[in-house]
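Before any comments, here is the structure.
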Amino acid sequence: MNKVPNVISKDGKQEMSTANSILELVGVRKVYGSAVAVEGVDLTLHNGEFLTFLGPSGSGKTTTLAMIAGLQMPTAGKILLNGQAVDPLPPYKRNIGMVFQNYALFPHMTVAGNIGFPLEMRGVDAAERKRRIAKTLELIGLPNMGDRYPHQLSGGQQQRVALGRAIVFEPPLLLMDEPLGALDKKLRVQMQLEITRLHRELGISILYVTHDQEEALVMSDRIAVFNDGKIEQLGTAKDLYERPSTAFVAGFLGESNFFHGTVSGLSDGRCFMETPYGQLGAFNNAALQVGDEATLAVRPERLFLYRGRDKKQENCVSGTLTDLIYLGQSRKCVLRTANGDEVVALQHAQQVEEASMIIGEEVCVTWNCADANALSHRTASN
Amino acid sequence: MNLVAKNPMNKNAWLIVPAIVVILCFFIYPVSWLLIDSFARPKWGIQNYEVVLGRFVYLKVLLNTFTISAGTTFWCAVIGYPVAYTMAHCSKRTRRLLIFVVLIPFWTSLLVRTFAWMVLLQKTGLINQTLLTLGVIAEPIALIYNRIGVYIGMVQVLLPFLIFPLYSVMLRIDRNYSFAAATLGAPPVRNFFRIYLPLTLPGLVSGGTLVFVSSLGYYITPALLGGPADLMIAQLIERQISTSGNWGMAGALAVLLLVVTAICLGVVHRIIGVKTAWGR
Amino acid sequence: MVASSFSSGRFWVRLRLAICSFAVIYLIAPLIVVLIISFSSAPFLTFPPPGFSMQWYNNLFTNPAWFNSLVTSIKILIPTSILATVLGTAAAYGLARSSFVGKQLVMGLLLSPMIVPVIIIAIGIFGVFRALGLYGNLLGLIIAHTILAIPYVVMTVSGSLAVIDKRLEDAALTLGASPLRCFRRITFPLIFPAVLSGMLFSMVVSFDELIVSMFISTPVVRPVTVQMWSNIRGSVDPTIAAIATLLFCFSLLALLSERAAARKVKKEVDE
Ligand SMILES: Nc1ncnc2c1ncn2[C@@H]1O[C@H](COP(=O)(O)OP(=O)(O)OP(=O)(O)O)[C@@H](O)[C@H]1O
Ligand SMILES: [Mg+2]
């Protein structure tokens, strides 16, 4: 069974109407032979929104894009573009721009030829074509490179041409499949900014694929976390980071400490569970009931670290300090509990000075219930 | 189950149809008739096969075909292996030159090459004259209209078929294997037989099979350069039709040739996969 | 050269180089002989020839038997190469860009004329074509040669299609190109060298084909190979050498032009 993901719009309101949505996916599935590539994806993309698919390799991101572009037929489900079912339309009639994983520039055409290609296919006359090619070259910052061939360009320049080619015909929707995957770190950051700028200037909707979480956090209005052909969670970067709804999301986006146990009590939005470390409390993010198996996830930077074993405090896990890693702005402390679990805590520079600790010492960590999330155990096996 | 799944891409499958229709009508159909003829002419039964496999004359031709094909394969390997090795382990320029030379036979008409050998190998031909002038021989030796002539012609024609698959395998071999063996103390010759040869064996087998199988059905070269004792199965098939109009016998011989060809290719396919057998 | 197993022993290196030299001579000797003889002044096959003359080239174009057969061959070769290229390219594209059960079998079927010994094809075709009225005319020869040439086109074009990036075609589709235009503007230019080389192969196959032609041609419609064959078996004259030289020059030209086309595309594809 697929859970319908909680669709939350930019300003946090629960999404109800689809009036201003450009794209809608309803229960979209794709099966290759016996292998399920995409398993029931539901999604709404708003006009002008920048939505990112984030997920590990092979989780079905490219396949989903390919189905939206019309390059693959969904096995089941519906895809709506501006409220219209798009399934009968072949890819060349969908008017969706797409930037491919390795650019897919036509090697036998010049940069201008590549960018002019979609215009030519739309019967734009030569003069107008020339004008728009020039404008696009300007936009992507390659004004004098129209006569070059793709193999005469650097990776970053090829990337821009691919982008230019996908936006020159002003599609309302742009799909980008890991467009920066092949670039080095510095160029990536620069291109991220440029793509965000283009998004703002052109006002188009963008579906963006990446498996770099930092990129996703920087660029997107909303992020859909993919895993095993499903969307695990869809929401703003803040939602996903602070209120992950599954253990996979909690572990994939940033770092988390996990504790497993059984729910023993509930009180105003919080949930208490019995674990080998006694009773631990967290925000009840998964509508857990008493008796449910649950996983508690808490971020390293939300942990407070103390010397000794302070048994009086609630939410207390103690162990031996095994590692202290200096990270500049902060310090990473690793402790091993009596059960053999590893717990990671992050201390800010300020805290570090206050408490000097040495490896091998007995320490304990604690947290505020609101800073931790209680998640259903079902998906915690990741 | 439907053969063509519901996929827009599969409209492309229709593009295969014209070529397949042509092949079926003008290739599969005629060849099938011939195969049926072997059982149907002059009357239904296996009498043609009894003759082919029972009479000495025919068995002699089958034996000829096998020995000539095997000999051709052997000589192709002996000459082709060092050439392929040199091609794989030499400078770029030498390599390009060698590839060009090895490709020449592909670009010269088979008939013309055979004709050139007739000129070169005859009693008054260049080779005999040279040998006479040098005093190596006292009188002209017979180089044509016998087994020697057949080998000289066929090996030259089929050499590229052995060299290219072998060369492509050799190119892919990591030289470090040999280096590793050398550092482990294997002397060069031993190293070659224990390391290099086994690694190149797939190329040798696929190239060899290609040569052997092609030789089995050869017609022009043995017909022009061979003597009466070097009759091969293809010539025999041709004679059944052009001299006696014996379709049944021709069909039976054709079936025999096809079966042997198929078995050879099948065995090699089993061993190394047909991709490498075609040198790609 | 780096020392390695086979080449570190001196004796082996020498033996190998000796065999290579021999092989080079062995492979090109017939070609050289043919080239030289084509300019011979002697009316029969002496080697080396006693003097220089162009008479055999002259003879090729003035002797009606030779000239007619040459014309016949060209009349067969042109439609054959076009037919084989179109059918073979379409089939290769269809195979590469679709998925269905039994694809391997279809591929095998398309390549089978290359694997089955020609003599078997020849008499099979001989038997059936007589009944179909395809004996002794151009149409029959064209069809027969097309059959023999299709595998070469399918093989070269399939190889090329397997190498080009399918995403280029996807990209063209998302940019608004219909499948037909996508083929014309993207796929075809990229596989063009392979198509060209398939076409050249089919020309050579057709021009050089003897065995099938021997069975289904008549003295009236007689391709040049059959004319050569009867000449070789009867009174041999060096006109054959003249044809062969011309053919070789044509092949060389074709080879070079194909290389040039391939190099141009390769340069563009290499990033
Ligand atoms: N043509 C195909 N045939 C069969 N299986 C496929 C095909 N294309 C994709 N798959 C499978 O579908 C699954 C999803 O693939 P997809 O390409 O969508 O992953 P992805 O999320 O884009 O991964 P990456 O980040 O590595 O690009 C994978 O398990 C893959 O093996
Ligand atoms: Mg992908």
Side-chain angles (χ1 to χ4, degrees), chain B residues 3-4 9-10 12-16 18-20 22-23 26-27 29-31 33-34 79 82-83 85-86 89 101-102 104-105 107-113 115-117 119-120 125-126 156 159 175 178 188-189 191-192 195-196 216-217 219-220 224 234 237-238 241 247 250 254 257-258 261, chain C residues 1 4-6 8-9 16 19-20 23-24 26-31 33-34 37 45 47 87-88 90-91 93-95 97-102 106 109-110 113 116-121 123-128 143 146-147 150 159 208 210-211 225 228-229 232 240 244 247-248 251-252 255:
Chain B
L3 288 183
V4 179
M9 198 173 85
N10 273 335
N12 292 332
W14 293 107
L15 290 170
I16 312 170
I20 285 292
V22 169
I23 298 258
F26 301 111
F27 170 69
Y29 172 69
V31 171
W33 260 120
L34 183 64
I79 301 172
V83 175
Y85 183 93
T86 309
H89 305 278
V101 168
V102 176
I104 281 181
W107 295 101
T108 354
S109 153
L110 178 60
L111 196 52
V112 168
R113 265 182 293 157
F115 158 75
W117 284 121
V119 175
L120 278 171
L126 184 63
Q156 201 251 359
L159 203 47
R175 308 205 83 200
S178 290
V189 176
N191 189 340
F192 172 77
I195 309 290
Y196 200 81
L216 287 176
Y219 175 79
I220 298 175
L224 287 180
I237 295 175
E238 187 261 341
I241 300 300
W247 286 87
L257 178 53
L258 263 185
T261 306
Chain C
M1 220 175 112
S4 107
S5 57
F6 197 37
S8 47
R16 180 162 61 81
I19 294 178
C20 281
V24 169
Y26 178 48
L27 285 168
I28 57 178
L31 179 70
V33 169
V34 167
I37 282 200
L45 301 174
F47 198 89
L87 291 175
Y93 183 81
L95 268 176
R97 297 288 182 263
S98 66
S99 55
F100 54 88
V101 180
V106 171
L109 206 59
L110 287 169
V116 174
V118 188
I119 187 73
I120 295 178
I121 305 178
I123 53 174
I125 281 184
F126 175 57
V128 169
I143 292 175
T146 302
I147 296 290
I150 283 177
D208 204 22
L210 167 68
I211 301 172
T225 43
M228 282 156 98
W229 177 255
I232 289 179
I240 291 183
L247 178 63
F248 181 74
S251 300
L252 204 63
L255 185 71

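Atoms considered below: every heavy atom in the structure, side chains included; atoms not considered: hydrogens, waters and symmetry mates. Lettering of chains follows the sequences in order, A, B, ..., and the numbering in each one begins at 1.
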Checklist line | From CA spacing to verdict: side-chain contact (heavy atoms from CB on, under 4.5 Å), C:L27, B:I104 | finding: CA-CA 7 Å; C:L27 285 168; B:I104 281 181; 5.9 Å; no

Check: Under 3.5 Å, side chain of C:Y93 to main-chain N/O of B:N12, donor-acceptor pair present?
Finding: no

Next item on the list: Give the intermediate values and the outcome of side-chain contact (heavy atoms from CB on, under 4.5 Å) for residues B:V119 and C:I37.
Entry: CA-CA 9 Å; B:V119 175; C:I37 282 200; 3.4 Å; yes

Check: Could you state the interatomic distance from CG (B:L111) to CD1 (C:I211), rounded to the nearest 0.5 Å?
Finding: 9.5 Å

Next item on the list: Select one option (side chain, backbone, both, neither) describing which atoms of C:I121 are under 4.5 Å from chain B's heavy atoms.
Entry: both

Next item on the list: Determine the minimum heavy-atom distance between B:A234 and C:I119, stating which atoms define it.
Entry: O-CG1, 3.6 Å

Item checked: B:L34 to C:G124 - nearest heavy-atom pair and separation -> CD2-N, 4.2 Å

Next item on the list: Take the angle between the ring planes of B:W247 and C:F126 and call it parallel below 30°, perpendicular above 60°, tilted in between.
Entry: parallel

Note to self: Is C:P117 in contact with chain B via its backbone, its side chain, both, or neither, using a 4.5 Å heavy-atom distance?
What the structure shows: side chain

Note to self: Can you tell me which of C:A244, C:P113, C:G127 forms the most heavy-atom pairs within a distance under 4.5 Å of chain B?
What the structure shows: C:P113

Check: Between CD1 of C:I19 and CD1 of B:I79, what distance do you get to the nearest 0.5 Å?
Finding: 7.5 Å

Notebook entry, point to check: Can you say whether C:I120 sits under 4.5 Å from chain B via the side chain, the backbone, both, or neither, judging by heavy atoms?
Noted result: both

Notebook entry, point to check: What part of B:L224 gets closer than 4.5 Å to chain C, counting heavy atoms only: side chain, backbone, both or neither?
Noted result: side chain

Check: Where do B:V83 and C:C20 come nearest, in terms of heavy atoms and distance?
Finding: CA-SG, 3.7 Å

Checklist line | Nearest-0.5 Å distance, CD1 of residue B:I20 to CG of residue C:L109 | finding: 4.5 Å

Check: Do you know which two heavy atoms are closest between B:S109 and C:L247, and how far apart they sit?
Finding: CB-CD2, 3.8 Å

Check: Which of these, C:I123, C:V128, C:I125, sits in a side-chain contact (heavy atoms from CB on, under 4.5 Å) with B:W33?
Finding: C:V128

Note to self: At a 4.5 Å cut-off on heavy atoms, which part of C:V106 comes close to chain B: side chain, backbone, both, or neither?
What the structure shows: both

Margin query: With rounding to the nearest 0.5 angstrom, report the CD1 to CG distance, B:I220 to C:L210.
Written below: 4.5 Å

Next item on the list: Please round to the nearest 0.5 Å and tell me the distance separating atom CZ of B:F27 and atom CD1 of C:I147.
Entry: 8.0 Å

Next item on the list: Find the distance between CD1 (C:I150) and CD1 (B:I23) and round it off to the nearest 0.5 Å.
Entry: 4.5 Å

Next item on the list: Side chain from CB out, backbone as N, CA, C, O: work out which of these in B:T261 comes under 4.5 Å of a heavy atom of chain C, or both, or neither.
Entry: side chain

Margin query: Please classify the contact of C:L95 with chain B as side chain, backbone, both or neither, using a heavy-atom distance under 4.5 Å.
Written below: both

Checklist line | chain B interface, residue from C:V118, C:L252, C:V116, C:T146 that has the most non-hydrogen pairs under 4.5 Å | finding: C:V116

Next item on the list: Please look at B:L110 and chain C and tell me whether the side chain, the backbone, both or neither of the residue comes under 4.5 angstrom of a heavy atom of that chain.
Entry: both

Margin query: I'd like to verify something: which residue of B:G217, B:P30, B:A116 has the highest number of heavy-atom pairs under 4.5 Å with chain C?
Written below: B:P30

